[in-house]
Amino acid sequence: MSKKIHVTTTVNGDACEFLCEPQQTLLDALRNELMLTGTKEGCSTGDCGACTVVFDGRLVTSCLVLAVEAEDKTVETIEGMAKGDRLHPLQRNFLEYNGAQCGICTPGILIAARALLERNPDPTESEVRYWLAGNLCRCTGYDKVIRSVLAAAKEMRGA
Amino acid sequence: MGDLRYEAPETLEAAVALLTGANGRSRVFAGGTDVIVQMQSDLIEPELLVDIKKIPEVRRITAEKGGFRVGAAVTCMELTEHAAFCKAWPGVIDGVKLIGSIQVKGRATMGGNLCNASPAADSVPPLVASSVIATIAGPKGVRHAPVEKIPTGPGKTSLATGEIVTSFLFPPRPRHSGDAYQRFTPRTEMDIAVVGVGVNLSLDDRGTCIAARISLGAVAPTVLLVDEAARTLIGTRVDEAALEKLAKAASAACRPIDDKRGTKEYRIKVTGVLARRVAQQALERARQN
C-alpha cells in the first residue's frame, strides 16, 4: 500500500485533517475518514452527481477529486447547509414539494441548486433543468425537484 | 492498484523532471475527470500522478500577440466566465460548454480534453478550426505545435515522455470572423458526440469568404481538419450552392466506425447535414462583427 498522506483542509468552515492514500477520492475521504456520510456515492465516474460538493468555490463531483487535492482548500457539503435546526430554504421547499423520494440524489441536488441560486437568483425552469443535468434522480421524474428549486428561489428573492 | 505517488510541483521544470524520471508510468493530472475514471476502472495503473494545477502558467488566461493565451489547466467553467474570450471565440465556447455537467466543467480542462485524445472530444474540433497552437514543455525545452498534430489515435498523442501541453495560443481575430461548433447527440446534455463539426471563417467587407477551416470530430481515429471542405467556402458568399458542396466534402472526408452511437452510413450522412448548419451559424456570427 502507498504511504498515507496527511491533509489539512476546511470543511463547512471547520478546520480538519485526515490521512489518505494518493488514489483515494475526496468522496471517500469525506465519507470514510471524516464520517460525513451526507455526501452520497452513486456512479463514481462523475455522471450521476450524487456526490456533488463545492470544492474551492466550484461545484464538482467529489468522486472526481483526489482527497490529497483538498490540502489548504475549502469543501462545502450538505452537512453545512442547515444552520443548526434552521433548514436552508431549498431544504424546506424540497420537503414542502416532495422533491425527495429515496433521498440518495438529494444532497447533491441541494448543493448544486444552491450554487445555481447564488449565481442566478431568478432562474427559468429551463435554466434549472440544464444546471441540474448532471444530477440524476431515478425516483421523482424531476418535476418535483424543479418545482422545489423554483419555489425556493422565489422565497429567497422575497417574492 | 499498486503504489501510487502524487506530486504537485509549482514549476514546469519540476513537473517535466518528475515525468521524465518516472519510466513512462506517469500521468499528467489536471482536472482529473478522465484520469480518475481510468484509474478507478483499472484502464491505467500509473505509478506517479503529476498534478500541474499549482503551476501558474497553466492556470491563467492572458492577452498575447493580439490574441489570447489560455493555460491548458484552465477549467471549462473558468473559460466560459471570461467575457472577452467568449466574445472572440464563441465556437470554442460552444464546444467547452458541451463537456459534461456543470460539476465536470468545474474541473475539466481543454488540455486534458486534447491529451485524453478521444476522437469525440468536444473542445478539440473548435480548437483545430481556430488555428490554435499548443505550447508544450518537455525535457528538451519548449516547442509549439498546431493542436491537430497532438492526438494520433484514440488515447494516443504525439507527446514524448516528459512533455506537457502548457497552454494554447489563439491568433488575433480579423473583422468579420465567426466560429461555431455543434455536435449531434440523441440527448441535449450529458452525452458523447456521434458527430461534431467545427467551422471558423472570415469574410471580406462585401461578405465573401476569404478564409475557412472545417474540422470534424467522432468520424475518424482523430479529429480531422478538412481542407477540401474549407475550399468549398473560400471565394463564395457561403450561399446555398457552396453549402451543398461543403456538405458533400465533409461527408466524403469521414472515416468513421460503427458503434453503439451510430453506424458508419449514419455518421457520414449526419456530418454533411451538421457541417452545413454549423457553417451557417459561423457565417451569422461573422456578419455581426
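So you know, we letter chains A, B, ... as the sequences are listed, proteins then strands, and number each from 1.
Within residues 72-88 of chain B, the residues having any heavy atom closer than 4.5 Å to a heavy atom of chain A are B:Met77, B:Glu78, B:Glu81, listed by residue number. Residues of residues 53-73 of chain A placed with any heavy atom under 4.5 Å of a heavy atom in chain B are listed by number as A:Phe55, A:Arg58, A:Leu59, A:Val60, A:Thr61, A:Cys63, A:Leu64, A:Val65, A:Leu66, A:Val68, A:Glu69. Residues of residues 113-125 of chain A placed with any heavy atom under 4.5 Å of a heavy atom in chain B are listed by number as A:Arg119. Interface residues of residues 25-45 of chain A toward chain B, defined by a heavy-atom distance below 4.5 Å and sorted by number: A:Thr25, A:Thr45.
Residue contact with chain A, scored on non-hydrogen atoms closer than 4.5 Å, involves the side chain of B:Lys53 exclusively.
The number of heavy-atom neighbours closer than 6.0 Å to CZ of A:Arg92, taken from other residues, nucleotides and ligands shown, is above 12.
Between A:Gly134 and B:Ser101, the shortest heavy-atom contact is CA-CB, 3.4 Å. When all heavy atoms of A:Ala112 and B:Gln103 are compared, the pair lying nearest together is CB-NE2, 4.1 Å.
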